[in-house]
Structures are given as C-alpha cells and as structure tokens.
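The block underneath contains the structure these notes are about, expressed in structure tokens.
All heavy atoms count here, side chains included; hydrogens, waters and symmetry mates do not.
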Amino acid sequence: SNSDVEGMVWRDQQPVQGLTKEGEKTSYVLTECLKDSEPHGITLYVELACNGLFGAGNGSMIAAPDPNRKFTLQKAELVVFNRDVRELLTDFEMLVDIVKILEGEQRGFQALFTANEMVNLCDPANPSSFAAAQSLAQKFFAQKNGESQHVVHAMGHCHIDSAWLWPYEETIRKCARSWVTVIRLMEKNPEFVFTCSQAQQFQWVKSWYPNLFSEIKQFVQKGQFIPVGGTWVEMDGNLPSGESMVRQFLHGQNFFKDEFAHYCKEFWLPDTFGYSAQLPQIMKGCGISRFLTQKISWNLVNTFPHNTFFWEGIDGTQVLTHFPPGNSYEMKGKVEDLINTVKNNKDKGRANHSGFLFGFGDGGGGPTQLMLDRLQRVRDTDCLPKVQMSSPDVLFSQLESDSSLLCTWVGELFLELHNGTYTTQAKIKLGNRQCEALLHDVEVASCLALCKTDSFKYPACKLQELWRLLLLNQFHDVIPGSCIEMVVEDALKYYDEICTTGSRLLLAACESLGSTPGKGAGSSMAVLNTLPWERTEVILLPAEDAQTRLALVKVPSVGVAQVTETAEPKDSVSVTMMVDGTIMMENGLLKAKIDQTGRLMSLLLLQTNRETIFEGCLGNQFTLFDDVPLYWDAWDVMDYHLQTRKPVIEVIEPAKVVRSGTHQGSVSFLLSISGKSTIRQEIVLDACCPYVKFNTQVVDWEESHKFLKVEFPVQVRSPNATYEIQFGHLQRPTHRNTSWDWARFEVWGHKWADLSEHGFGVALLNDSKYGYSIHENIMTLSLLRAPKAPDANADMGHHNFTYALMPHTGPFQDALVIQYAYNLNFPLHVFHGVISEPWSAFSVNSPAVILETVKQAESRENALLIRLCESHGSSVTTTLSTSLPLHKAWHCDLLERPDSIIPVSKTTSGISLTFKPFQIRSLLLIIK
C-alpha cells in the first residue's frame, strides 16, 4: 500500500501487520507460497489512523496538529515479491556506502571494484545472471576482521513516546502496530532480538490487544522480545519527586515481574532532558545497576567526554552507564551508523563493545527486514566493526567484565538543551507537584486511620490507579510540557481526577482519626500534619460567613490536634502604610519595606538586624524576556534571551494594606505586564513564620514568545548556589567561568534554592516551579513561558502560584530551610472532628533525616512501609519513634524486598538508624 498515514492490517479479527510509509513498512505478506489446494480468497481489513508517524502537524514536524489535514490512501495492490532483486539491491547499497564512507582507503577501492564488476556481470533482463553478481558481493563481505576489532551489539528498538505529537489513545494503537510487526519479523528471523521499555505500554497492549500480548509473552520466554527499563513510563529525569521516581520503578518492576517472571536489570531512558544525580541510588535500590541513554549527545555547548563510564550519584552509589556512540536510538543498520559507532566512541582503549539500537522511533515503527539484512551482511567484514545480534544483558556483561579502566562521572548528567521544559505548561507542573503532595498525604492519613480504627480499609486499589495516572503524566514529553494541546487536556483531566478522588480519600481517612463532634459542639475543627516535625502555623478555617477566620495551631509530628481559636502568637503582625506610600510589614522575625509597585525595598532579619536585599536594588522584581528559540519552541530557552530583559513596572493598582492583625498581614497590588497580561499579587506575612509569601495570580497571560521571571538581588556573595533535587540537594556555580558553567544559565530544582555565605543566606521557596537561575547575587525564579509549538495555546490563560523568600542565619540546613519548603508544599489539613489530645504517630530526632513516606506495604496488609532520607549531606545516627503498636521491623530495598542482612536495632525510645550523606532507607513495620 502507498499511504502517508499509519495503518494496521487485520485478518481473522486479529491485528497482523503495522503499515507506515515513514517507517518503511508498506506491505503485508499474504503467503510465502500459495498451493493449489489452498483457498485463493482472503478478507483483510486495513484500519487507518488520521496521523502520520509524527502526528498531524503541517509544515514543520513540531507544528500544532492541523484539524483540516487530510490523509489519503494513494494505492493498494497485490504484488509478487522478487527476493533476488531485493538481495542484489541490498548488496549494492552496502557496497556503495562503503565506497563513500571509506573514500580513499584501500577497502573503499576494493568495494568500488567489486560493485563495478557486479554491474558488468549483471543483466537486468536476465535474472539468471544475478547469482554470479551476488557471489562477488558475498566474497567481499566474507573477508574477515582481525581479533581486536570493535564489537557492535545490535538490538532492535522502537522508541514510542507515550504521548507527544499525538494523544495517549493513539499511542495504544502505535504500540500494537509496531509490536505486531516485530512479532512478524521474529517469526522469520529467529536470531532477531528486540528491546522494549515502559510497563504502561505493555499494560495498554494487554488490555486492548490480549492476543498480541500473549504472542509477545511467548517471544519474551524465548529471549527475543526483551522488556527493559524497569519503570512505568520513560519519565522525565529532572522534575518528578524522589518518591515519584521510586514509584516509577516500583510499579514498573512489579509489572514486569508479574507478567514476565523477572525484574529488569537495566534502566533505559534514551530520550530524556537530563538525569538527576539521585538516580544511581534509586536505580540500585530497585535492583538495577546498569543505565543506558544517548540524549546527552544533544548537548548544545560541551561534548560529554565518555560513552562507557561509571556514573556516581550524590550519595556515592555508582552504576555502569553506556551511551551508544552512534548517538541515536533509531539507527537503520547502515554502514555510516556502524562507522560512527566506532569513530565516536570516546573510550577507545577502555571499552571495545558498544550498543547499537536500530529501528524507527519516537512515533513507533521499529525495525524492518531490510535493516536485519543489512546487518546480516556485515557481521564480520574487514574494516567495519564486528556486528552481533545481542541483548542488553550480553552487552553490559561484556562491559562489566572489562571495566577496570573505565572513568567515573560524579553528579548530575545535565543536558545543555531543552532548559525551557522546566517552565513550559505551568498548569502541568502545578498539577504534578500538588498531586505528589496529595497522594503522600492520603497515604500517611490512611496509615494512621488503619492503625487507629479497626473498621478502616486502606484504599490500596484506588491509590494504585491514582499513582499510575500521575506516573503516566511524568512521561518525558508531558511533564516537560513539550506535547500538543490534546495531550495537555488529557493530562489536566488526570490531575483533576487525582485531586477529586484523592481529596475524598483524604477526608475519609481524617474523619476516622477523630470522633464525630457531638450535638452543640459547634464547629469542632481538628488539624492533620503529615510531615515529620511539629508545626506551629497560621491556618485559614472554613468560613461560616464571608468573614476570613484565621487560627494559630500547633500540631505534632505526623499527627493530629484540635484547633483552638484562642491561641495567640508571641508577636502580632503589623502592616503600616507610610506617608510616602511605602508599606512596612513586621512579625517579630522579619521586617519588610514594600514600594508602591510591590517590590521589596528592604527585608531585615530582625534577630541579627541583617539586610537581605542588595543596596540600591529591589526584590520581587518581575521581568519579561523575549523568548525565541532556534527551533524547539516548547523545549528550549536560549542564552541570548538574557540580553532582552525588561522590568515590569507599570502599576494598575498601587500596593495597599489588605490585612493587619494578630495572625497575618497582607498587602496587594496589580501590575500590567503588557497591554494583554496582568499580575495580581498578595504579599503575606504570617505570625511565627520566617519567610515572606508571595501569592501570585497571573490574570489572562496572553503573550507570544515571552518569558516571565521574578528576581531577588540579595546581599550574599558565593561562587555556588544550592538547589533541592530528589531526596537531597546539589551545588551549581553562580559564575560563568567555563563553558560548562555558562551552559547552565537556566537550571532546574524542586521546592527550594539557596544562596549562602558564611553566617547568612537567603532561600527562595516555591509551590509549583522548577526553573531557576542564580547568577552572581541575583536569585531568579522562572514563572511562565509562551511558546507556540507544538501547542499553539501553551500556557495561555489564568495562573496561580506561590513563592516565598526566607533569609536566615547560619547554614540553610540548620535554619530549617528544607523543612519550611516542605511546609509550604504540604499544607496542614483542617477537618471536622474531635481530638481529645494531640497525637503523634512518628517522629525522628534528627532534623537531617526526613520521613518521606508512610504507606501500606505492597504485599502485606498488616505492614507499613516507611521511607526516610538524609537531607543535609551528613553522616548521622537518629532514632525513629512511633506510638503505633509495633510488632516487628525489617530493612528493605525500594521494591520492598526485606533485607535480613542489616539488623534493625530497637531501643526503648524507638528504632536506631544510621545514615550516610543523602542515603535513602526503607523499613517494613509489622503492626500488631
């Protein structure tokens, strides 16, 4: 068939062959040989999609889908395939490519003369002349290499983006089209091996194409169809939280174990926009010590120095890492691909084996018979690398056995490209952060309810569903925001579903923690704290009338308490408008001076009378930049955007006092960003709170190719800034000395970033942002972008987000910056109920150790799984105390497999635990 659209051939109610012109799959073999005795009629159905391999954009690959674009089936015909001609053409193709690529070399001339001689022998009108020509080619290809030649491990591959320029639903069909074609190839080529990642895609095929799934299972058993990666989807490597990354592996590895009887041994993430320095420890904890990607070859500025090396995370864990030197996950088996694999290998002399992933990818497609034929010819041909059909296990075993000379790379694998993905599609970023926090809280509250109330049933099935939706949206074109509008709509719908169901589950758990308020008890309110430290905070109570009701509450660690509206803070909050229109805000810890446009003229840390804002400068300065990338619109922000800075200074409503009182003070103002967009902001100072909060509403963001940021020039001098990552933090330079420093002009971080000198520092906290830039003494948070491809309406509309500024004395660890950033992201939960006395389920006696997760164990209903991590970068011994009826405790790995080698030391006060810097520990607690 000839068509620019993807299709699937169905026969006897089963899918039998995927079709795609772009993936060079345009035929379905009806029969190898039709006997007279066999029926000569057959009914086939061809299902056509309304998209090509890369969606339905017009003009450019990343253009938004065109709803008017038509796809046509140009012709369909029955033909007899002439294999001899195809074989001869493949011989010619490989020889001519050798002539071109080895130009001027002896072997190139030999290929040229062989091809020329074949042309002389070959008479197209006389097929009997073909054999002589073919034997010349075979003789050439059979001339063998020496023993030292590089070995290429060829593996079929078909990278299918779980959503990108097409919606999730189309991906289900892409998987079927691609994988049924792979199965057809395996039937004809018993040596063919195919690697396949993403448990979610297997799950889709299992649900929608059960017969195809059982065929896949047979080839998995034969060792030809190899599940790899171990994660639910190929997730973004920067933005998901530490716990989300653990769940990617937990759900992925458990699926692979249940369906195929084994866990994956290698982490497979060929196409993600950077790799967190905490991934090695997370991989190791999930039974994986090998990693494959190639994306760092996309670096815009610096060439990464290795292809095979040990990668060391922030805790010291090392994993063997391989970047296939062909710098692609969709090679075609051509001579050029093979020569590049040898030429680009940056570890010549250290590693003599390379991976070689072949097959059409991104939109699916996968390997073809022609690719297999090409590779088959040159398995051992002089001057080309040796080629063997292989598997990830064979490749990595070879690399491991000869790894003594390999180098080590310490810290993150930062991609010097696609830095715009930390900011694009702000609503997706917000959905991710809020849903991560909500699922955390549902699990904690449900565990407490489980231990407190006999009748409570832990919502394990519902939680699995919600987690899987969240994990799906962490796919590396969804959470980065580099997808079409249809995908954004689906993603936001999934976040809504998580929020709605999750809130209901949270309420149910909370209500079973307190007794029901009796008649006449008025509105008895209780409050839940899911974090592992005591919190004293101002909260908003549910309004009974239009009145805002605030209360100061003190809630124990992972526990509940009653709200008493009579509690008074040590210092009230005062907000005063001065004669010149500036406003002073003070709460006994901080004193802020705000100008009429809402900018911070001064922020004093009262304890030491230390000024935070750099002299002559203003904090909370919104700035707008022109943001026009070279090509990858939703993905990239280029360094040259920094030359177009324009401060936002046009005031619509000058700053005014909204509230001044015991518990809280606030100031609000309205700015015009441009003729189209406005910012309304409320600056809030709570009693007892060491940071100033900026509650921000961007009303009707309607820009095109603009980048909105907010800046804080601070009185701190340091060559490095610190950024929170998964289960820890790392430093990055604040200068641009080298090309490696300069390439990090826009970086990612999670809930906080900090700039400190000895004795004093400033932290910038946020509730939904991931893009930062700290250059010299200016701390900048990236807020909104406005790219136009592949989603022409990306980020348009209304946005709400909060950030906060926290000056502190001493190191940020001792100032509890980490804890306050958690507090901002995990608000206290108010519910109707009576708590007779404050109750705490868990506490940890070291501020360095964070109790990150409390959930029901996967395989035991009477067990809790708790996860702790060391967050300061220190070696520490701490005690975990619990008021729950603890029967037994075991250490376990991240897949919750008990580790009997490490004994649990229980003392009268609890469980004693030792941590190395940034170490993650998981425990199984059996509850009586």
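Between the side chains of Y275 and T293, a donor-acceptor pair is found at a separation under 3.5 Å. A side-chain donor from one of Q248 and Q474 sits under 3.5 Å from a side-chain acceptor of the other. For H150 and N352, the side-chain atoms include at least one donor-acceptor pair closer than 3.5 Å.
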Salt bridge (charged side-chain N to carboxylate O under 4.0 Å, His left out), that's the test. Do K334 and E93 meet it? Break it down for me. CA-CA 9 Å; K334 294 179 78 87; E93 179 201 24; 2.7 Å; yes
inquiry  = Pair T308, H322 - check side-chain hydrogen bond (donor to acceptor under 3.5 Å, both in side chains), show working.
reply    = CA-CA 5 Å; T308 304; H322 181 65; 2.9 Å; yes
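Between R290 and D393 a salt bridge is recorded (basic side-chain N to carboxylate O distance below 4.0 Å).
Residues passing the salt bridge (charged side-chain N to carboxylate O under 4.0 Å, His left out) test with D477, sequence neighbours excluded: none.
Using a 30° and 60° split on the angle between ring planes, F291 and F267 fall in the parallel class, below 30°. Between H476 and F273, the ring-plane angle classifies as perpendicular under the 30° and 60° cut-offs. The aromatic rings of F260 and F202 sit perpendicular to each other, their planes meeting at more than 60°, with 30° as the lower class boundary.
The nearest pair of heavy atoms linking G252 to A199 is CA-CB, 3.9 Å. The shortest non-hydrogen separation linking G156 to P367 is CA-CG, 3.8 Å. Heavy atoms only, all atoms of each residue included: R107 and I98 are closest at O-CG2, 4.3 Å. Between V387 and A154, the closest heavy-atom pair is CG1-CB, 4.2 Å.
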Which pairs would a plain distance check flag for residues 219-227, meaning a side-chain donor or acceptor within less than 3.5 Å of a matching protein atom at least two apart in sequence or in another chain?
from	atom 1	to	atom 2	distance (Å)
Q224	NE2	N189	O	3.4
Q224	NE2	P190	O	3.2
Q224	NE2	F192	O	3.0

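Within a 6.0 Å sphere centred on CE of M486, heavy atoms belonging to other residues, nucleotides or ligands number 12 at most.
Checked against the 6.0 Å centroid criterion, the rings of F304 and F309 qualify as a close aromatic pair.
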